[in-house]
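To keep things clear, I will list the structure first and then write my remarks on it.
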Amino acid sequence: MEVPTRRKPVIYCACLFFIVNFFLQISDAFYLPGSYMHTYSNGDQIYAKVNSLTSIETELPYSYYSLPYCKPLGGIKKSAENLGELLRGDQIDNSPYLFRMNVNHSIYLCTTPPLTEVEVNLLKQRTRDLYQVNMILDNLPVMRFANQNGIKIQWTGFPVGYTPPDGTADYIINHLKFKVLVHEYEGNGVEIIGTGEEGMGVISEADKKKVSGYEIVGFQVIPCSVKRDPEVMTKLHMYDTIASSNCPSELDKYQPIKEQERISFTYEVEFVKSDIRWPSRWDAYLKMEGSRVHWFSILNSLMVIFFLAGIVFVIFLRTVRRDLTRYEELDKEAQAQMNEELSGWKLVVGDVFREPEGSKLLCVMVGDGVQILGMAAVTIVFAALGFMSPASRGMLLTGMIILYLFLGIAAGYVSVRLWRTIKGTSEGWRSISWLSACFFPGIAFIILTGLNFLLWGSKSTGAIPISLYFELLFLWFCISVPLTLIGGFMGTKAQQIEYPVRTNQIPREIPARKYPSWLLVLGAGTLPFGTLFIELFFILSSIWLGRFYYVFGFLLVVLLLLVVVCAEVSVVLTYMHLCVEDWRWWWKSFFASGSVALYVFLYSINYLVFDLQSLSGPVSAILYLGYSLLMAIAIMLSTGTIGFLMSFYFVHYLFSSVKID
């Protein structure tokens, strides 16, 4: 019996060490816009990095070096990645693309061996699937501009290759014309001692002399396909200077993708001085398009809120308060007589707090809903305040996971306290806490594992490594589970919520209705959906079309409006059910607002059919639907929790004003 006791401190110490080490690692990724600058002197060497190849057609990321590209002289080295980057499928590696500050040159990189049949098929497949190369310089993604129907369109990354409309051949992008925008910086009393791997300047205030340097504020590219003579190019060495060349306009001068073809890779660099300051360099990526649409979404939501608020106002002031005032003005004999003539919600006074079916599951879902809602609210607030910049890739996802883990204490507290309220005792609180800790993470684990097998089969970098699986399980077991149990224990010690009326031993029969009550509950979800569907379009476009989403101020307003609409819808539906003597309001109040998840999932399918028409292959469609299902379940739990808690408060307040024995 002593062995387990002695092992516990060792296990806890190991957990603590892992957690501290984990947070020290992710803290390196934390970034505030404008918090530090990367300053370079003339001639300083800067190496570009490459991220995973991505496509809006397949949504399956692949490693950059899965294609026959030139490799760095010192070998391929992976950059340190945080939790969010790993889950997103990012794989950032070093590259042979070398830049020297304010030095314009045209450089030869390498010439590949003769292409094999496998390499040709892979290059053609990646080209026809519209895969993009994502390059990074000084933490800025490369950007290109294209004219489409006379409109200048901005893209991040550049294509692997080009397929003409007739589709007779495929051509590889093998010559890149880079334009680097730099801003001259002058500072007093600082000296740049050195730069680390990410180029972060270490500043000393020892010298008071004036120093100057250059900051990179833009990174643009024009991709070209140029056919070169391999016999001439193989005589050159990497980083030899070559003559500058323009992008050809004739297809016969493009570099075709064919067997036994040798491809030469070259690039040009031009540095251009810019008035853009370093804190504003991300503005070009985060341009908010369609701001009027966001305002329209908010105004539309406000109209829904005022409409529902009017209904709630009528219920409270004209109906409920009038009935209660009349009832309180009567003497005891008149009250007794009136009790016999009661109608509507007053008839279910002895059944309204009867324990619902599946009460344990309800407690668990409400607890998990509080956890998810808290995670979303805190994340959006921090993002709206600028604490989660897109410059820190994966930081948003990392922050959400960490917040979810620590908010397990709220899930345990709410679920156990609700369980005590329903049962009148704390017995069984441990099982409630364990279920709260396992319910949503278990669903997410099942869905993500199934999707991960598809990604593993496709050899995509989007597949979660086995080591990361164990890290996530370890974090969940060492942080979320203990905190959920602590929250559950706190729930047992909290003051019990007393029902204002007693529950009859025999349940009251519910009158038959012309139409099923669940039809009304499902229809109620259309109102919260009307609040968020416009913002949902922008979020889905950000996730699946590779666009930046940074209008978190609008998203915060929409979240607040969604909370209000969910609360109002649930209260109105609960009152309507009580008025027709239906006392089974517990689950209906949850799904009255939680049914918005059904419409979110249906809208996701609509988005797949009409806005992601380029998405090809069953694997890509299954991935999309799997992630959409997980998102819909999270929305159901959070919005359902809002509606249930507000309805519970409403019912408790309503019947606490009735003096019926």
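Below, all heavy atoms of this structure are taken into account, side chains as well, without hydrogens, waters or symmetry copies.
The two atoms that bring Pro61 and Ser52 nearest to each other are CB-CB, 4.0 Å, heavy atoms only. What you find for Gly640 and Ser593 is that their closest heavy atoms are CA-OG, 3.6 Å. Of all the heavy atoms in Tyr404 and Met375, the pair that sits closest is CB-SD, 3.7 Å. The minimum heavy-atom distance linking Phe440 with Leu637 is given by the pair CD1-CD1, 3.7 Å. Scanning both residues, Val521 and Ala592, for their nearest heavy atoms gives CG1-N, 3.5 Å. Across all non-hydrogen atoms, the minimal contact from Gly161 to Thr127 is C-CG2, 3.4 Å.
At least one side-chain heavy atom of Leu645 sits under 4.5 Å from a side-chain heavy atom of Val370. Met365 places a side-chain heavy atom less than 4.5 Å from the side chain of Met636. For the pair Tyr599/Pro528, no side-chain contact is recorded, criterion being any heavy-atom separation below 4.5 Å from C-beta on. Taking 4.5 Å as the limit, some side-chain heavy atom of Leu87 sits within range of a side-chain heavy atom of Leu468. Contact annotation: the side chain of Phe145 never approaches that of Ile153 to less than 4.5 Å [non-hydrogen atoms, C-beta and beyond]. By the 4.5 Å heavy-atom criterion applied to side chains, Leu555 and Ile539 are counted as neighbours. Between Leu472 and Leu83, some side-chain heavy-atom pair lies under the 4.5 Å cut-off. Counting only heavy atoms from C-beta outward, the side chains of Ile92 and Val50 never approach each other to under 4.5 Å.
A donor atom on one side chain and an acceptor atom on the other are found under 3.5 Å apart for Asp170 and Thr163. Side-chain contact annotation: Lys588 with Thr574, donor-acceptor N/O pair under 3.5 Å absent. Counted by atom type alone, Ser63 and Thr461 present zero donor-acceptor pairs between their side chains at under 3.5 Å. At a cut-off of 3.5 Å, with distance as the only test, no side-chain donor of Gln125 or Asn121 sits close to an acceptor on the other residue. Using a 3.5 Å distance cut-off with no hydrogens or angles, the side chains of Asn134 and Thr54 do pair a donor with an acceptor.
Distance alone, capped at 3.5 Å, is enough to place a donor-acceptor pair between the Thr526 side chain and the Gly523 backbone. Side-chain N or O atoms of Ser415 include none that pairs as donor or acceptor with a backbone N or O of Gly367 at under 3.5 Å. With Asn452 contributing its side chain and Ala463 its backbone, the two residues share no donor-acceptor pair below 3.5 Å. Ser638 places no side-chain N or O within donor-acceptor distance of the main-chain N or O of Ile372, the cut-off being under 3.5 Å. With Trp476 contributing its side chain and Ala437 its backbone, the two residues share a donor-acceptor pair below 3.5 Å. Remark: side-chain polar atoms of Thr449 are not paired, donor with acceptor, to backbone N or O of Ile446 under 3.5 angstrom. No donor-acceptor pair closer than 3.5 Å links the side chain of Ser458 to the backbone N or O of Ser460.
Taken from OG in Ser647 to OH in Tyr575, the straight-line distance is 14.0 Å, to the nearest 0.5 Å. The line from CD1 of Ile173 to CG of Leu123 is 11.5 Å long, rounded to the nearest 0.5 Å. Met400 CE to Met395 CE: the interatomic distance, rounded to the nearest 0.5 Å, is 12.5 Å. Atoms CZ and CG, from Phe529 and Leu562 in turn, are 11.5 Å apart once rounded to the nearest 0.5 Å. Going from atom CG of Leu53 over to atom CG of Asp129 covers 11.5 Å, rounded to the nearest 0.5 Å. Going from atom CE of Met646 over to atom CD of Glu568 covers 8.5 Å, rounded to the nearest 0.5 Å.
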TODO: Give the C-alpha distance, both sets of side-chain angles, the deciding distance and a yes or no for side-chain contact (heavy atoms from CB on, under 4.5 Å) between Val142 and Leu137.
DONE: CA-CA 7 Å; Val142 70; Leu137 182 68; over 6 Å; no
Next item on the list: Carefully, step by step, assess Ser431 and Lys360 under the rule side-chain contact (heavy atoms from CB on, under 4.5 Å).
Entry: CA-CA 9 Å; Ser431 65; Lys360 179 177 286 190; 3.7 Å; yes
The test is side-chain contact (heavy atoms from CB on, under 4.5 Å); show your working for Met143 and Trp155 and say whether it passes. CA-CA 6 Å; Met143 180 192 301; Trp155 300 88; over 6 Å; no
- Task: I would like to know whether Leu67 and Tyr131 meet side-chain contact (heavy atoms from CB on, under 4.5 Å); could you show each step before the answer?
- Result: CA-CA 11 Å; Leu67 297 180; Tyr131 269 87; over 6 Å; no
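The local environment of OH in Tyr469 is crowded, with over 12 non-hydrogen atoms from other residues, nucleotides or ligands closer than 6.0 Å. Remark: Phe382 CZ is loosely packed, at most 12 non-hydrogen atoms of other residues, nucleotides or ligands lying under 6.0 Å away.
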N/O donor to acceptor pairs below 3.5 angstrom from side-chain atoms of residues 478-487, sequence neighbours left out:
residue	atom	partner	partner atom	Å
Thr484	OG1	Gly408	O	3.4
Thr484	OG1	Ser480	O	2.6

Tabulate below the donor-acceptor pairs under 3.5 Å that side-chain atoms of residues 618-628 make, not counting sequence neighbours, or state none.
residue	atom	partner	partner atom	Å
Ser620	OG	Thr58	O	2.5
Ser620	OG	Ser616	O	3.1
Tyr624	OH	Ser604	O	2.5
Ser628	OG	Tyr624	O	2.8

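Ring geometry, Trp587 versus Phe591: the interplanar angle falls under 30°, so the pair is classed parallel (tilted spans 30 to 60°). Note: Trp456 and Phe453 have perpendicular aromatic rings, judged against thresholds of 30 and 60 degrees for the angle between ring planes.
For the pair Arg144 and Phe158, the cation does not sit on the ring face, since its NZ or CZ is not both under 6.0 Å from the ring centre and inside 45° of the axis.
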